[in-house]
Protein chains: 2
Amino acid sequence: MIATMSSASTRAAGSVGVVETQYADLPGPVHLDCGRELSRVRVAYETYGTLSAQRDNVLLVCHALSGDAHAAGESSGPRESTRDGFGAEDRDGSAGKGLGWWDGMIGPGKAFDTDRFFVVSTNLLGGCAGTTGPSSIDPETGRPFGADFPVVTVADMVRTERALLDVLGIERLAAVAGGSLGGMQALQWAVLYPDQVDAVVMIASTHALHPQGLSWNAIARDSIMRDPDWQGGQYYGTGRKPDAGMGVARMVGHVTYLSQASMGDKFGRRLQSSDDVRYTITDAEFQVESYLRHQAETFVRRFDANTYLYTSRALTYFDLARQHGEGSLERALEHVRARTLLIAFTSDWLYPPQASQEIHDALESTGKPVELHVIDAPYGHDCFLLEEARQTPLIRAFLNLEEAP
Amino acid sequence: MIATMSSASTRAAGSVGVVETQYADLPGPVHLDCGRELSRVRVAYETYGTLSAQRDNVLLVCHALSGDAHAAGESSGPRESTRDGFGAEDRDGSAGKGLGWWDGMIGPGKAFDTDRFFVVSTNLLGGCAGTTGPSSIDPETGRPFGADFPVVTVADMVRTERALLDVLGIERLAAVAGGSLGGMQALQWAVLYPDQVDAVVMIASTHALHPQGLSWNAIARDSIMRDPDWQGGQYYGTGRKPDAGMGVARMVGHVTYLSQASMGDKFGRRLQSSDDVRYTITDAEFQVESYLRHQAETFVRRFDANTYLYTSRALTYFDLARQHGEGSLERALEHVRARTLLIAFTSDWLYPPQASQEIHDALESTGKPVELHVIDAPYGHDCFLLEEARQTPLIRAFLNLEEAP
């Protein structure tokens with residue numbers, strides 16, 4: 001099973017097929033950490049696999065900063081893929097198919113096995129791909145929220161996911177899984193709803209971003225907000241949007257998702273179009289310069305700048321010890337009842353393994369079942385999107401789909 | 001000597017005193033790598049110490065991206081210090097005195113000892129602090145060059161320094177020293193003028209920036225050029241300049257000069273002004289966010305955005321193996337006759353020790369005198385500005401000022 005996972009043909013065989021994004025309107029308001037509430041919240045979601053009669057096989061997948069509800073399978077309409085892992089676009093001929101961002105991990109026989117689980121994936125609160133966010137119409141004004149959208153937290157995202165599952169008639173989660181910001185949501189689930197979560201899979205994530213990570217996010221947000229086309233967040237309908245600033249934000253983010261080693265392997269110092277430099281300030285001279293600009297261009301086409309701001313703010317605020325433990329991570333996690341699988345990657349300097357170790361130790365110190373696997377892999381933070389073959393046996397064993405490797 | 005170097009009182013005692021920046025107009029044009037030539041080039045410079053009768057005690061100091069000619073002593077006029085190492089502003093009560101950016105290293109009894117050496121420091125070609133650069137008047141048009149300034153290289157900077165020394169009647173360098181981009185210039189001196197350089201001190205530098213470093217520089221430049229106030233580089237006299245974009249560029253740069261550990265020690269996740277978050281997208285919430293904005297604000301007041309672009313481009317182009325060795329670093333350095341001291345810092349991820357090791361190995365393989373010291377210190381790239389007490393004995397021993405430690 002594991003060995004064949006890495007071949008393209010098997011991956012195609014394990015596809016969940018063509019998927020259509022669905023939408024649900026929440027019947028009640030979402031009460032937010034900031035004290036405000038959001039009414040008439042719509043949530044975009046997809047499901048893969050079959051809900052059991054006992055409704056006991058639900059696995060919720062949570063996405064990272066730039067993802068959306070389309071986690072697996074092919075998109076029903078023409079669209080750009082949100083698989084933005086390093087090189088994901090060209091490595092398996094997926095261009096144009098609109099494959100979900102975690103398609104390598106979700107499907108029959110895959111890590112999150114749809115032969116067993118009913119996988120639910122939602123676009124997070126504040127998003128720009130179907131779920132209510134800053135680009136949505138504020139029912140009170142009839143205009144897009146813009147910067148009047150309330151500041152949301154990871155806990156608010158989880159409350160929204162909880163409300164969607166209520167709409168779907170789902171009480172319990174057999175598991176909740178995510179990487180990066182998605183991993184924050186997964187652990188937040190186990191803290192907010194300890195009696196409703198059996199297992200947490202938290203990948204390349206943290207209980208609180210380190211100060212350098214805060215900095216990258218602050219720079220990205222400032223880059224967007226300093227773009228005059230941001231217009232205080234009310235750029236919708238003006239014909240202008242802060243593409244310049246968000247492009248820079250994306251380039252910063254992109255470099256933090258990679259590693260020095262993987263950038264060296266992929267680009268080196270190769271020049272873009274000649275044997276020698278052309279003495280230009282404005283044009284891309286090195287291949288890596290051109291690559292970053294391309295990343296910026298494709299991202300601004302598909303992503304809303306305000307959603308970037310709100311989501312980035314949420315992930316910098318996330319701090320389980322501060323929010324739930326009066327400064328103690330152990331105390332923050334003391335009511336967790338789920339089993340927890342932590343996966344981290346040696347080359348991930350944005351979400352370093354140390355943070356996963358701290359979560360592991362805090363859970364273990366109070367006797368909770370937890371396992372941590374640090375995978376030695378070179379692709380930086382993007383490993384969680386790329387190292388499918390090595391994560392799969394760990395996750396399948398943890399979810400009792402097969403024997404431990 | 002070494003032990004007392006770290007106290008503020010000794011540093012004051014070792015000051016070169018109040019210094020005035022001087023200016024020299026080069027008699028002939030500077031022939032540039034790009035094929036163009038620059039006429040009527042002015043160079044800003046300072047000198048510290050006394051030129052010997054034999055003119056054999058000259059030590060040239062080269063500055064990094066954001067420096068200028070004012071390397072040591074107090075400025076004769078009121079001005080902001082260019083000492084922009086991490087915490088340099090507040091650690092020794094230097095605020096307001098306009099101390100030079102390497103004041104801790106240059107002076108009587110210091111690493112670059114003005115009791116022995118006649119130290120010359122220039123603002124580099126393309127600069128914005130007195131030497132001809134993009135903000136200077138183009139003699140052919142009567143208007144500032146802007147983006148019509150020719151693209152310059154590290155070798156062009158060195159040629160300009162060579163021409164200044166000609167004006168000053170100086171033939172040989174007892175030593176040339178610099179950190180970061182300044183270190184590139186130092187080694188470039190030994191390659192371009194092998195018979196005129198006795199010793200090279202190259203600190204926290206490289207023979208060619210790695211692809212991640214190329215990326216940070218590309219992002220910084222793009223941030224400036226995407227700012228509509230950049231106006232294609234012709235912003236002079238318009239009342240607008242790309243402060244927003246250059247502020248972001250500076251924040252990116254600043255984070256790359258530090259380390260995760262030093263940011264953790266200095267800032268942690270401390271909030272700016274309250275015990276809890278205030279749910280704000282626009283305001284600085286964490287202390288590190290406020291710090292970065294402050295760095296951006298102070299930098300844009302004193303630095304020209306086009307100089308940032310040109311200097312950043314020069315340091316990304318720098319690649320000794322490509323320029324002088326047909327791809328071989330060993331061949332590029334085969335004509336070097338200077339003794340070389342290399343210093344690198346364990347936590348410097350922008351200019352990692354590995355590059356210094358490669359330079360060491362290339363020089364050693366052809367039998368040239370070279371020593372490399374990797375200092376275990378936590379402050380990242382900024383170590384070269386901060387770790388004065390530990391660099392000083394190494395440099396003094398290398399320059400035969402005292403016994404090896």
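Below, chains carry the letters A, B, ... as their sequence lines are ordered, and counting in each starts from 1. Any value given below was found using the heavy atoms of this structure, including those in side chains, with hydrogens, waters and symmetry copies removed. Note that the structure is predicted; figures quoted are calculated from it, not measured.
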Ring pair (Phe, Tyr, Trp, His ring centres under 6.0 Å) partners for A/His207, two or more places apart
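Per chain and number, A/His207 pairs via ring pair (Phe, Tyr, Trp, His ring centres under 6.0 Å) with no residue.
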Could you tell me how the ring of A/Tyr317 sits relative to the ring of B/Tyr279: parallel (under 30°), tilted (30 to 60°) or perpendicular (over 60°)?
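Geometry flag for B/Tyr279 against A/Tyr317: perpendicular rings.
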Which portion of [X] sits near chain B, non-hydrogen atoms under 4.5 angstrom:
{"X": "A/Ser312", "value": "neither"}
{"X": "A/Trp349", "value": "both"}
{"X": "A/Pro352", "value": "side chain"}
{"X": "A/Asn217", "value": "neither"}
{"X": "A/Leu292", "value": "side chain"}

Where does [X] contact chain A at under 4.5 Å (heavy atoms): side chain, backbone, both or neither?
{"X": "B/Met225", "answer": "side chain"}
{"X": "B/Leu32", "answer": "neither"}
{"X": "B/Arg278", "answer": "backbone"}
{"X": "B/Asp33", "answer": "both"}
{"X": "B/Val288", "answer": "side chain"}

Measuring only between side-chain heavy atoms, which start at C-beta, is [X] closer than 4.5 Å to [Y]?
{"X": "A/Met251", "Y": "B/Ser215", "answer": "no"}
{"X": "A/Thr280", "Y": "B/Val151", "answer": "no"}
{"X": "A/Glu285", "Y": "B/Leu214", "answer": "no"}
{"X": "A/Glu289", "Y": "B/Arg221", "answer": "yes"}

Rounded to the nearest 0.5 Å, what separation is found between the CD atom of A/Gln212 and the CE atom of B/Met263?
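It comes to 6.5 Å.
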How many angstroms lie between atom CZ of B/Arg250 and atom CD1 of A/Ile219, to the nearest 0.5 angstrom?
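That separation rounds to 11.5 Å.
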Non-hydrogen atoms of [X] and [Y] that approach each other most closely:
{"X": "A/Thr316", "Y": "B/Phe286", "result": "O-CZ, 3.4 Å"}
{"X": "A/Arg322", "Y": "B/Asp276", "result": "NH1-OD1, 2.9 Å"}
{"X": "A/Gly268", "Y": "B/Pro211", "result": "O-CG, 3.1 Å"}
{"X": "B/Arg226", "Y": "A/Ala296", "result": "NH2-CB, 4.0 Å"}
{"X": "A/Ile281", "Y": "B/Arg313", "result": "CD1-CB, 3.7 Å"}
{"X": "B/Trp216", "Y": "A/Thr256", "result": "CH2-CG2, 4.0 Å"}

The criterion is side-chain contact (heavy atoms from CB on, under 4.5 Å); which residues satisfy it with B/Pro29, sequence neighbours excluded?
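Only B/His31, B/Glu37, B/Ser39 meet the side-chain contact (heavy atoms from CB on, under 4.5 Å) criterion with B/Pro29.
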Output the option from B/Ala218, B/Ala244, B/Gly264, B/Gly245 having the highest count of non-hydrogen pairs under 4.5 Å with chain A.
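Between B/Ala218, B/Ala244, B/Gly264, B/Gly245, the count favours B/Ala244.
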With chain A, which of B/Asp319, B/Val152, B/Asp227, B/Leu309 has the greatest number of heavy-atom pairs at distances under 4.5 Å?
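Among the listed options, the one with the most contacts to chain A is B/Asp319.
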For the backbone of B/Ala208 and the side chain of A/Arg269, can you confirm whether one donor and one acceptor N or O come within less than 3.5 Å of each other?
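No; judged by distance alone, with no hydrogens or angles, the pair does not exist.
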